[in-house]
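One structure is given here, and the rest of the page talks about it.
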Amino acid sequence: MSSLKAQFITLEGIEGAGKSTQKEALCRLLDANRVPYIETREPGGTPYAESIRELLLSHSDDAPSAKTELLLMFAARAQHLKTKILPALEAGTWVICDRFTDATYAYQGGGRELPLDWIETLETLVQGAKRPDLTLIFDVPVALGLGRAGRRGALDRIESEDLAFFERVRAMYQQIASREADRVVMLDASSDVESVTESMISLLMTRWNLSCRPG
Ligand code: TMP
């Protein structure tokens, strides 16, 4: 394969977009091409950040305000970035991260309608100039995504938001994709899983000049 620096790849989309399945396919592609990588997720990814995840996603009578939620997302991210993501990238290990700051723009900016300049300020504070090398957004109509997510069982605090919330989340992801076409690829995830995987794998093999298809 090409002598690419270790890539920081993030996967995004509303609930039920099929991120997890496509993440597995992406990992199989990297395995087939002997690319060293770690898988991680946000909010979470380290023991400390996973404790923050628990606070963020659990149902509570004393639920966090939108501002508290925003700050906790970035608190978890600061820890995750410093102790896991950056050390891996510096060691030449690719990082596959299930959600990152685009989720904050989509959920806290779009869904919760917090000012985007607050998010930009926190992004710079926590990340400096660090951004993912590639972000895959799996786009699916809200009703379809939520229908799939609902079949998986009990919904967490954020998953329990209403349709209008997720329409705003999806619209923000679409805006990000059209604004940042170099970094972000949006894939139509409404068709069957195999077709979505096929499009993703073809795109990535070309982008990274990989020779082996996943088995
Ligand atoms: P997950 O269920 O895909 O692991 O994501 C956890 C939830 O957290 C999901 O509903 C999206 C939400 N989230 C935010 O609201 N803002 C963020 O910055 C991140 C990373 C996730």
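Both ligands and their constituent atoms are indexed starting at 1 by order of listing.
- Between Glu161 and Arg168, none of the side-chain N atoms (NZ, or NE/NH1/NH2) sits under 4.0 Å from a carboxylate O, so this pair counts as no salt bridge.
- Looking only at protein heavy atoms, the nearest one to atom 16 (N) of ligand 1 is Gln108 OE1, 2.8 Å.
- Considering only non-hydrogen atoms, atom 1 (P) of ligand 1 lies nearest to Arg99 out of Arg99, Glu12, Glu159.
- In terms of N/O distances under 3.5 Å, ligand 1 is not approached by Tyr107.
- Interatomic distance, NE2 of His59 versus CD1 of Ile158, reported as 10.0 Å (0.5 Å rounding).
- Of the listed residues (Arg53, Lys19, Arg41, Arg157), the one carrying the non-hydrogen atom nearest atom 2 (O) of ligand 1 is Arg53.
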- [ ] Go through the steps for Ile85 and Phe100 under the test side-chain contact (heavy atoms from CB on, under 4.5 Å), then give the verdict.
- [x] CA-CA 11 Å; Ile85 297 176; Phe100 194 64; 4.0 Å; yes
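- Rounding to the nearest 0.5 angstrom, the gap separating the OG atom in Ser20 from the CZ atom in Arg41 is 9.5 Å.
- The closest protein non-hydrogen atom to atom 6 (C) of ligand 1 is Leu57 CD1, 3.8 Å.
- Heavy-atom contacts of Pro43 reach the following atoms of ligand 1: 8 (O), 19 (C), 20 (C), 21 (C) (cutoff under 4.0 Å).
- In terms of protein heavy-atom proximity, atom 14 (C) of ligand 1 is nearest to Met73 CE, 3.2 Å.
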Open item on the list: Determine whether Val35 and Trp208 satisfy the following criterion, side-chain contact (heavy atoms from CB on, under 4.5 Å), listing intermediate values before the conclusion.
Closed with: CA-CA 11 Å; Val35 175; Trp208 295 326; over 6 Å; no
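- Open room surrounds NZ on Lys82; 12 or fewer heavy atoms of other groups in view lie less than 6.0 Å from it.
- For atom 18 (O) of ligand 1, the closest heavy atom belonging to the protein is Thr104 OG1, 2.6 Å.
- For the pair Arg170 and Tyr173, the cation-pi criterion (under 6.0 Å, within 45° of the ring axis) is not fulfilled.
- Annotation: Asp156 places no N or O atom under 3.5 Å from an N or O atom of ligand 1; distance criterion only.
- The proximity of Ile158 to ligand 1, defined as any non-hydrogen pair under 4.0 Å, is limited to the side chain.
- Of the protein's heavy atoms, Glu15 OE1, 3.1 Å lies nearest to atom 10 (O) of ligand 1.
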